[in-house]
Amino acid sequence: MNLLVTAGNTLVPIDRVRAITNIFTGRTGGGIALHCHDRGHYVTLLTSHPEGVADLREQPPPAGDRWHVRSYRTFDDLQERMADLVRAGGLDAVIHSAAVSDYRAAGVYAAAAGTRFDLRTGCWEGDGTAPPTLDDRAAGKVKSNEDELWLRLVRTPKLIDLVRGDWGFRGVLVKFKLEVGVSEEQLLQTAEASRRQSGADLMVANTLEGAAYWAYLGAGEDGYRRVSRRELPARLLDAVEQLGREAADG
C-alpha cells in the first residue's frame, strides 16, 4: 500500500516572529509511519518535526522508493502539501494524526482612547455616547508597549474534511481525535460523531490525560477497542490493511 501519514503541530503566525501552536511533537505519527515502512509499505511522512524520526530510531530508513519525509511549519504549509499529495493520486490510505490548529490570527488590536472592556459584563464600553473602538496594531513585530492586546481568531478549515470532498480521496482514511477532561463514554460518543462527519473509515481517539498510555481504535458505535500506546501502530495498520484488502476484493 501507498500511505500518507501526517504528524506534528501547526504554527499560526501572529506576526513575523510570534505564532500560536500546540504541544504535540509528532511522535505518534512518526512511530506509525515507521511501522508501516517496516511492513513493506510505501510511506510519505508529512511532519512538522522531521528530526523526531531520529529520536524514535537510531537508524531511520534511508530516503528512497518506499520512504519519504516532507516537512511543514504552518497551517497553510500543511494544507497546501496535503492537498498536493492527495490530489496527485496513487495513495491507498491517509493517516491524519497531525494536531492541526482550529483557529488562525486575523488581527491584533488595542483599545482606543476612551474604550474599555468590562470584565463583569463581558462588554466593551466607550466614553459618553461614543462607541467603543479598537485600534489595529498589526505589524511585522507587534509592539509590546500596550497594557492589553486583543487577538482576533477565526476558524480554519478542517483539513480532514477536505480529504474526501475537495481533494477527492477514495482510499482508507484515518482520523485522530483528542479530548480533555471527558469520560471514556463521552470520548467515544464524540469520536464516532466526528468520524462520520469527516467520512473517515477509522478513528483513533484518546484523552490528553490518557494519551501516553492508551487510545481507542475503531469505527461504528460498538466497534471501538482500547489498545495500548505501544500496540497502536500495529493494531492500526492491521485495520488499514484489512480495509485495503476488502476494497481490492470489491
Side-chain angles (χ1 to χ4, degrees), residues 1 3-10 12 20-24 26 28-29 32 46-48 72 74-87 89 91-104 106 153-211 214-227 232-233 235-244 246-247:
M1 297 180 75
L3 300 101
L4 170 63
V5 181
T6 69
N9 55 352
T10 58
V12 171
I20 301 171
T21 188
N22 58 59
I23 64 174
F24 300 102
T28 297
I32 290 168
L46 182 55
T47 177
S48 61
Y72 70 87
T74 69
F75 174 91
D76 291 338
D77 291 341
L78 178 58
Q79 181 174 7
E80 178 182 355
R81 286 162 200 176
M82 278 188 71
D84 288 346
L85 288 164
V86 173
R87 285 173 169 160
L91 292 173
D92 299 301
V94 174
I95 301 173
H96 185 46
S97 70
V100 183
S101 304
D102 294 314
Y103 292 87
R104 63 167 30 129
L153 300 176
V154 298
R155 290 182 67 88
T156 56
K158 293 287 186 184
L159 298 186
I160 189 76
D161 291 348
L162 301 179
V163 175
R164 292 281 193 223
D166 291 24
W167 302 341
F169 181 67
R170 295 296 175 262
V172 179
L173 180 59
V174 182
K175 184 175 184 177
F176 281 62
K177 184 71 173 175
L178 179 119
E179 295 288 329
V180 178
V182 302
S183 68
E184 294 184 30
E185 180 180 2
Q186 290 172 318
L187 171 67
L188 291 177
Q189 290 174 350
T190 301
E192 177 59 14
S194 179
R195 182 192 69 83
R196 295 187 184 202
Q197 167 68 32
S198 301
D201 299 287
L202 293 167
M203 170 66 79
V204 178
N206 56 21
T207 64
L208 182 63
E209 297 82 2
W214 55 265
Y216 278 96
L217 168 65
E221 293 181 358
D222 299 318
Y224 286 85
R225 297 293 181 269
R226 182 166 167 163
V227 300
L232 178 60
R235 296 285 293 275
L236 174 57
L237 186 53
D238 287 343
V240 169
E241 289 174 335
Q242 178 62 34
L243 289 171
E246 292 172 1

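Predicted model, so just to flag it, every value in this text is computed and none were measured.
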Could you tell me the separation between the CG atom of L217 and the CE atom of M203, rounded to the nearest 0.5 Å?
-> 10.5 Å

To the nearest 0.5 Å, tell me how far Y216 OH sits from T207 OG1.
-> 9.5 Å

G220 versus R195, closest heavy-atom pair with distance | N-NH2, 3.6 Å

Would you say the side chains of S101 and T156 form a donor-acceptor pair under 3.5 Å?
-> no

Value rounded to 0.5 Å, distance of OG1 in T28 from CG in N206 | 7.5 Å

Quick one: closest heavy-atom pair of L162 and P157, and the distance?
-> CD1-CB, 4.5 Å

Could you tell me the separation between the CG atom of L153 and the CD1 atom of I20, rounded to the nearest 0.5 Å?
-> 5.0 Å

Would you say the side-chain atoms of K177 and T190 include a donor-acceptor pair closer than 3.5 Å?
-> no

Could you tell me whether the side chains of E80 and Y72 share a donor-acceptor contact shorter than 3.5 Å?
-> no

The residue among R164, K175, K158 that forms side chain to side chain donor-acceptor pair (under 3.5 Å) with S198 is K175

Once you round to the nearest 0.5 Å, how far does CE of M82 lie from NE2 of H96?
-> 4.5 Å

Can you name the closest pair of heavy atoms from E179 and E209 and give their distance?
-> O-OE1, 4.2 Å

Pairwise distance CG(N9) to CZ(F75) - rounded to 0.5 angstrom | 13.5 Å

Only one of V86, T6, L46, D76 passes side-chain contact (heavy atoms from CB on, under 4.5 Å) with R81, and that residue is L46

L243 backbone acceptor or donor facing D201 side chain under 3.5 Å | no

